[in-house]
Number of protein chains: 2
Amino acid sequence: MKGSGNIDRNPATLKQTAFDRVRAMILRGEVRPGEPLRERELSDKLGLSRTPLREALNKLEIEGLVENQPHRGYTVTVVDLKTAGELLDLRMLLDAHAAALAADSITEKGIAELDAVMRRLAAFEAHEHLSLDDLAEEVRTGMRIHEIIVRETGQRFLIDTLNALYGRLSLLIWVDVLWIDRWDLTRAEHKEIVAAVTARDGKRAARAAKLHVQRSRDDLQRVVDAQSLLHGTHRPLAEGRR
Amino acid sequence: MKGSGNIDRNPATLKQTAFDRVRAMILRGEVRPGEPLRERELSDKLGLSRTPLREALNKLEIEGLVENQPHRGYTVTVVDLKTAGELLDLRMLLDAHAAALAADSITEKGIAELDAVMRRLAAFEAHEHLSLDDLAEEVRTGMRIHEIIVRETGQRFLIDTLNALYGRLSLLIWVDVLWIDRWDLTRAEHKEIVAAVTARDGKRAARAAKLHVQRSRDDLQRVVDAQSLLHGTHRPLAEGRR
DNA sequence: CCAATCACGATGGTATACAATTGTCAATCG
DNA sequence: CGATTGACAATTGTATACCATCGTGATTGG
């Protein structure tokens, strides 16, 4: 049989669509950290066979979004608070580096894209009350800034590494909370970063990017401290099934 | 058939052995950058079927050691001089970070391992003339220092990222030349890095690591300049087949 | 003689059948 | 009654057969 629900019209290749769709499912939170990813189930759901799906899962494993134990299957990676701190430390380093590079080499097209994103963000800012969905949308839009800046560096390895980093961080349920925490500051920081990059001021861009992440990191630290107080010791976010 | 040359006694899983062996083949230079990796050919050579081999290739693609064009196959990644510069810039950043972290958290076992490596390196240093094989061996041993330091940070994402980075850099045929260039300096720098880490002096370790990579980067820059003079413009290392 | 097109061969992409491993549940023995 | 062991079911790991796509070279028409 050709596949029951053969919907895709233009599948560059099935393993690519499998990779993209599973990745999106994870990043959108449709499958939660710690949950198992059963091959048959997923391949049925996506309307393709196990082979391209497994190739996608293998790639996602290297990217760190899923973990695999031989003969036991795949699960969505669980990011604990300690790991999150490490990831944010690295992001501080690499985001600053990327911002400086982007400031030096950003194209007119990139600047236009940043302008467009900033206009969209301004629309959110104008409203008094935002629904949770609106907030989620603003968060996603805000991430676009970082994605554009990273892309504009034009450095493949850096792009791949930071995308993997962002992906891992988005597995943290907590970040939503962190970002909402001081949303006004986040908005101001985003403006400063974009201003510095579009002004092609590398030093300033690096400083702004570093501060931006540093605050997230400090916010996280407060959460960790609060957790310690509550539970006596810090605990992972989800129950890791042995 | 069970596989003609079934040598492996303890294959945790075939896709794992495929991954390890192909990776080793690439890093050891048994297949050169730009060369195609034909699936049937490789799977025959390794004595397994195409399925586990393809899963390994998919992982290596994400890691950046091989590239894949749909319907055209896999090739070993070609690292040009511009990319090499970008990689060394990142390595400067990350190695310094890793060295500082390792200095803070290195275990007694890690220190012992570093000592052992340094003793092996001292043996090389004692000799007046080294064969090319000896030199290659000394280079590999020197890399052990970085591997140990990276591992001792205990930060998974950093470890994975730097291992990928080292892998990509080892695709550069030129690095051998670079490293041989001022071998006496390299030796001194290695000593300083190890001394700083074992003394648990993070600041000093970071500084030493940064300087170490920075010199490689400067050496590379000289090569690029020389290339420009020779050819009028810089050229990639190998012919990239469209 | 050159160029465009068509057919064939090689290679990768996908599906499916089968083997191996692991976890679970039940039965039996202490 | 509890624990240990053995068989079965579920799930992943591997092999292979088949299909789609692409590059290449030959052939034919200008």
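By convention in this document, chain letters (A, B, ...) are assigned in the order of the sequence lines, proteins followed by strands, and residues within each chain are numbered from 1. Because the structure is a prediction, the values reported are computed rather than measured.
- Distance, R50(A) CZ to dT11(D) P: 11 Å, rounded to whole Å.
- Closest approach to the K15(A) side chain among dT14(D), dT22(C), dT14(C) is made by dT14(C) (side chain taken as heavy atoms from C-beta onward).
- No contact: L53(A) has no heavy atom under 4.0 Å from any strand.
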With salt bridge (Lys or Arg N to Asp or Glu O under 4.0 Å) as the test, would you mind laying out the steps for R144(B) and E113(B) before giving the verdict?
-> CA-CA 9 Å; R144(B) 285 285 300 150; E113(B) 284 184 73; 3.6 Å; yes
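- Counting only heavy atoms from C-beta on, T51(A) has its side chain closest to dT16(C) among dT16(C), dT14(D), dT16(D).
- Distance, R38(B) CZ to dG9(C) C1': 14 Å, rounded to whole Å.
- At distances below 3.5 Å, at least one donor-acceptor pair connects side-chain atoms of T77(A) with backbone N or O atoms of L65(A).
- Both L37(A) and P52(B) lie close to DNA chain D; mapped to their nearest nucleotides by heavy-atom distance, the more 5′-ward contact belongs to L37(A).
- Between the P atom of dT12(D) and the CG atom of N68(A) lies a distance of 9 Å, rounded to the nearest Å.
- What separates CD of Q16(A) from P of dG12(C) is a distance of 17 Å, to the nearest Å.
- Among all heavy-atom pairs drawn from I62(B) and E63(A), the shortest one is CG2-N, 4.1 Å.
- In this structure, of dT21(D), dT14(D), dT14(C), it is dT14(C) that holds the atom nearest to the side chain of T13(A).
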How far apart are the C-alpha atoms of D160(B) and R156(B), what are their side-chain angles, what is the distance that settles it, and do they pass the salt bridge (Lys or Arg N to Asp or Glu O under 4.0 Å) test?
-> CA-CA 6 Å; D160(B) 292 344; R156(B) 180 113 310 267; 3.2 Å; yes
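- Taking atom CG of residue L48(A) and atom P of nucleotide dT14(C), one finds them 9 Å apart after rounding to whole Å.
- Side chain to side chain, T83(A) and D80(A) meet the donor-acceptor criterion of an N or O pair below 3.5 Å.
- Listed nucleotides dA15(D), dT12(D), dT14(C) differ in distance to E39(A); the shortest reach to its side chain belongs to dT12(D).
- Comparing G73(B) and P70(A) by the nucleotide of DNA chain C whose heavy atom lies nearest to each, the residue mapping closer to the 5' end is G73(B).
- For R40(B) against dG12(C), a side-chain N or O and a base N or O form a donor-acceptor pair under 3.5 Å.
- Closest contact between the side chain of H71(A) and the listed nucleotides dC18(D), dT14(D), dT22(C) involves dT22(C).
- E41(B) places its CD atom 12 Å from the C1' atom of dT11(C), with the value rounded to the nearest Å.
- As a whole-Å value, the separation of E55(B) CD from dG12(C) C1' is 15 Å.
- One atom, CG of L14(A), and another, P of dA20(D), lie 12 Å apart when rounded to the nearest Å.
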